[in-house]
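Heads up: numbering here begins at 1 and tracks the sequence.
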Amino acid sequence: GVSVLTNRCVTCGNKNGLLILALCVLVVMATIVIMIYPHPLMAGFYPCLFAIQLAPLISEEFPISFERIHPYLYYISSFLALYFPYDFCLLNNLNPLASYCLRYTPPLLVGLTVVIILVIRKKILRFRSIPWYGVWTLVLLLYTQAVHTSMSVLNCPLIQGTNGHTTPRWYVDGTVECFTQGHLPLALFSMLALLLEAGLIPLVAMVSMEKLQRPLWLRHLVRPLTEAFKEDWRWWGTMELSRRFLLLLFTLPFPGNPIPPSYLLMAYLCAYTFIQPYKSTVVNLMEVVLCVDLLVMMLIVGDSAIIEDLLYSHTTQLSVS
């Protein structure tokens, strides 16, 4: 079978099933720890998490010269998103769509665990408060990979077949025709997930508005969303979600083309440079530096890919001649 994580063939077997089960247990345990022992997020957590999670995703089409680095970046990013290599195959000749469904395991597991914890807190322990710090931490950890998974399912470029007709083919596996009987259920689920993920952005913005009349429980929710930012920019938590969503939206449909996400990244860089939304000057500087690092890495990757294409075409011409 094929591991999407490392982009290479792997041997299927029972060990992969045991690995997935063990990683599921780790995800549940991590969720319990975050929910039971919630802490305010350090302001420096925002730029660091953004850079580490987005680095392997916005440069997913690495040229050959970056081939050895990319899996390690992906592992680090996955670890910080409670996302582990669930895409290891379980059985020989397993349908790639069925294997890809395992990517939804982390958010579903975390969501179920959070609901159970909240029910136990309210019904058994009689706690009335909700640990919103833990909820917001889990949202930031899971959001990037969840959006990437949903968008990847719907990434269906038009491919011209031998008969001259163009059909939408799944980018992950070109043998799968999109929106047919096999792909349609997963596509519908991904559309619903993407609507929920996109809906979080205006929801966070509305909750963070300064003059909004809120009940008491909602006031407790506002604190973890706004405490890292200056009073005039208390709604900036919305940007933490929107920039992840938009960067992936500008990246996945244009594989190997760093230009669209580079323009968007430059816009965010300008916003963070001039606005400086964080209370801490050090964190504002960290945000700018890490954003520049991402931008430089994307440009290097793009230039390397162009150079390798030119070398390949030149070598091909020499061999033909």
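- Within 6.0 Å of the CE atom in M266, the count of heavy atoms belonging to other residues, nucleotides or ligands exceeds 12.
- Summarising the geometry of Y278 relative to K230, their closest heavy-atom pair is O-CE, 3.1 Å, with the distance given to 0.1 Å.
- Annotation: side chain of P106 is not in contact with side chain of Q145 (no heavy-atom distance under 4.5 Å).
- With a 4.5 Å cut-off on side-chain heavy atoms, L265 and R243 do not count as touching.
- Put simply, OG on S190 and CG on L154 are 5.0 Å apart, with the number rounded to the nearest 0.5 Å.
- To the nearest 0.5 Å, the span separating CG on N284 from CZ on F229 amounts to 10.0 Å.
- E227 and Y133 share a donor-acceptor pair across their side chains, judged by distance under 3.5 Å alone.
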Step by step, work out the ring pair (Phe, Tyr, Trp, His ring centres under 6.0 Å) result for Y263 and Y268. CA-CA 9 Å; Y263 281 133; Y268 280 114; over 10 Å; no

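- Annotation: side chain of L138 is not in contact with side chain of V135 (no heavy-atom distance under 4.5 Å).
- Side-chain N or O atoms of H148 include none that pairs as donor or acceptor with a backbone N or O of L252 at under 3.5 Å.
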Go through the steps to decide whether Q53 and Y143 satisfy the test side chain to side chain contact (heavy atoms under 4.5 Å, CB included), and finish with yes or no. CA-CA 10 Å; Q53 285 188 345; Y143 191 79; over 6 Å; no

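- Using a 4.5 Å heavy-atom cutoff, the side chains of S150 and Y104 are in contact.
- Between the CG atom of L225 and the CH2 atom of W136 there is a distance of 5.0 Å, given to the nearest 0.5 Å.
- For the atom pair CD1 of I34 and CG of L141, the computed distance is 5.5 Å after rounding to the nearest 0.5 Å.
- Because its NZ or CZ atom is not both nearer than 6.0 Å to the ring centre of F50 and within 45° of the ring axis, R244 does not count as a cation-pi partner of that residue.
- Rounded to the nearest 0.5 Å, atoms OH (Y171) and OG (S152) are 10.0 Å apart.
- Checked by atom type, the side-chain pair Y100/T149 shows no donor-acceptor distance below 3.5 Å.
- Across every non-hydrogen atom of I117 and T31, the tightest pair is CD1-O, 4.4 Å.
- Contact record, I201 with F245: CD1-CB, 4.0 Å, taken as the closest heavy-atom pair.
- The distance from atom SG of C291 to atom CE of M286, rounded to the nearest 0.5 Å, is 12.5 Å.
- L196 and L186 are members of different hydrophobic clusters when ILVMFWY side chains are connected at heavy-atom separations under 4.5 Å.
- C178 approaches R169 most closely through the heavy-atom pair SG-C, 3.5 Å.
- Evaluated for a side chain to side chain contact (heavy atoms under 4.5 Å, CB included) with V27, the options I32, T113, V110 yield exactly one hit, V110.
- Ring centroid separation for the pair Y46 and W236 does not come in under the 6.0 Å cut-off.
- Here the closest heavy-atom approach between residue E177 and residue T180 is recorded as O-OG1, 2.7 Å.
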